[in-house]
There are 2 protein chains.
Amino acid sequence: SFHVRNLSKVYGMGEVEVVALQSIDLDLYDGEFVVILGPSGSGKSTLLNILGGLDVPTSGHVYFHDRDLTHTNEAELTRFRRDCVGFIFQFYNLIPSLTARENVALVTDIVRHPMRPEVALERVGLGDRLDHFPSQLSGGEQQRVAIARAIAKRPEVLLCDEPTGALDYKTGKLVLEALQRVNQELGTTTVVITHNAAIANMADRVVTMRSGEITRIQRNEKK
Amino acid sequence: SFHVRNLSKVYGMGEVEVVALQSIDLDLYDGEFVVILGPSGSGKSTLLNILGGLDVPTSGHVYFHDRDLTHTNEAELTRFRRDCVGFIFQFYNLIPSLTARENVALVTDIVRHPMRPEVALERVGLGDRLDHFPSQLSGGEQQRVAIARAIAKRPEVLLCDEPTGALDYKTGKLVLEALQRVNQELGTTTVVITHNAAIANMADRVVTMRSGEITRIQRNEKK
Ligand SMILES: Nc1ncnc2c1ncn2[C@@H]1O[C@H](COP(=O)(O)OP(=O)(O)OP(=O)(O)O)[C@@H](O)[C@H]1O
Ligand SMILES: Nc1ncnc2c1ncn2[C@@H]1O[C@H](COP(=O)(O)OP(=O)(O)OP(=O)(O)O)[C@@H](O)[C@H]1O
Ligand SMILES: [Mg+2]
Ligand SMILES: [Mg+2]
């Protein structure tokens, strides 16, 4: 579980200051499926990057299982990212010189009980593109390789920054089902950032952000 | 206007062949606003890249005002891209070492009657981020810089590959209104690729693609 307390992130550039996060408080429970909604620039990626140990806040704390991620050393943070977190980046961050399968294997080779790369790529509908490079794939196909790479890790925590941004409705649904399946089979704590309010129906809870703050947290009774 | 005749694009890699476009026929009329819908991998970006003179087909023709773009020389193609086309890329393709304003000015400096960079960035809601670099902007903010860069050119043709992919509903609407305004004020022939069927309502016509083919062309009576 995560406990976020009074988290702030401020970028100061000369006389201009940009407040990306403003005193955020948030609890995430083990095995939950949480969706974060909010307009462009509202601080979603910044929050997810800090939760995933990829960025540091200006002030405040993030506790993961009672360990303070925001006051620990680089080696601990690296271990947390490698062993506990599967991350789907907003810009995919695939390695151009590796095929789809190799991009997934790069991550699964260092994890104890991964899915086989072929299985993960099959789950996102790319079973017939294993040996193609990112430059040979469409935008949405690249995004799906990034998703396969994260779920193949069978992580304890799955952080997804707009995993369906480049996908049509049907392909997006396939991907969300793959994420939901990991969440249900493995009890993976899953956080999905999206602009698509329709995806919010899948969540246990929906967190709405605006201008660096959390404005609403709604439990989804229908689930 | 564009006249596309029997256009095909085939990628052959060893024994595997990927047919990105299969015998496409399409007419686009001056000043029209056309939306192209279709699932991930259906050939939308490939078609748009060929229309914009950024890629060559395997066979077939693309006529722009009766000039055959697919059988011309590199200098003609460069002049077409520079003087006639504003292009919004699916991956934005901003220059990281230039600010938002400089990224737009890079394009407007070589055009006869551009918008001022500040005006274009203001139209997409980024008037207060002119001197920030892409790395200091969120995903959706970077996408909007790419949109400002294309509309500032006040081009004869505007080709947009998923211009609202990284944007929430309200910001997406702002951007689409900016595109629609250019289309109406300047008579710019506008093609927008999207997965979002709600955007299709803005179009004069909607072209639906699947597996490299055009399956339907619908005129929008409501417009
Ligand atoms: N260089 C390449 N080599 C092989 N196949 C390619 C190459 N570029 C594109 N393709 C394939 O051609 C097909 C069409 O790609 P395209 O990028 O046009 O799709 P798209 O409709 O834009 O998809 P998306 O919505 O995911 O962006 C895809 O299946 C893609 O994998
Ligand atoms: N390095 C930086 N320097 C200055 N400002 C920054 C920096 N990185 C992000 N920001 C700003 O912080 C705010 C929040 O950014 P963030 O990327 O978290 O937004 P977001 O909600 O993910 O937006 P999007 O939906 O467009 O991806 C934005 O206004 C952004 O411009
Ligand atoms: Mg973001
Ligand atoms: Mg595409």
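Just so it is clear: chains get the letters A, B, ... in the order the sequence lines come, proteins before strands, and each one is counted from 1.
Within 6.0 Å of the CZ atom in Arg82(B), the count of heavy atoms belonging to other residues, nucleotides or ligands exceeds 12.
With hydrogens and angles disregarded, no donor-acceptor distance shorter than 3.5 Å links the side chain of Asp168(A) to the backbone of Gly38(B).
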*Any chance you could lay out the side chain to side chain contact (heavy atoms under 4.5 Å, CB included) test for Gln142(A) and Phe91(B), step after step, and finish with the verdict?*
CA-CA 11 Å; Gln142(A) 292 179 39; Phe91(B) 292 106; 3.8 Å; yes
*Show your reasoning for whether side chain to side chain contact (heavy atoms under 4.5 Å, CB included) applies to His132(B) and Val18(A).*
CA-CA 11 Å; His132(B) 288 182; Val18(A) 176; 4.0 Å; yes
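Proximity to chain B involves both the backbone and the side chain of Glu141(A), based on heavy atoms less than 4.5 angstrom apart. Within the 4.5 angstrom heavy-atom criterion, no atom of Ser45(A) approaches chain B.
Contact of the Lys170(A) side chain with the Ser40(B) side chain is not registered, since no non-hydrogen atoms from C-beta on lie closer than 4.5 Å.
Most heavy-atom pairs under 4.5 Å with chain B: of the set Gly165(A), Ser138(A), Ala166(A), this distinction falls to Ala166(A).
Between atom OG1 of residue Thr164(A) and atom NE2 of residue His195(B) there is a gap of 10.0 Å, rounded to the nearest 0.5 Å.
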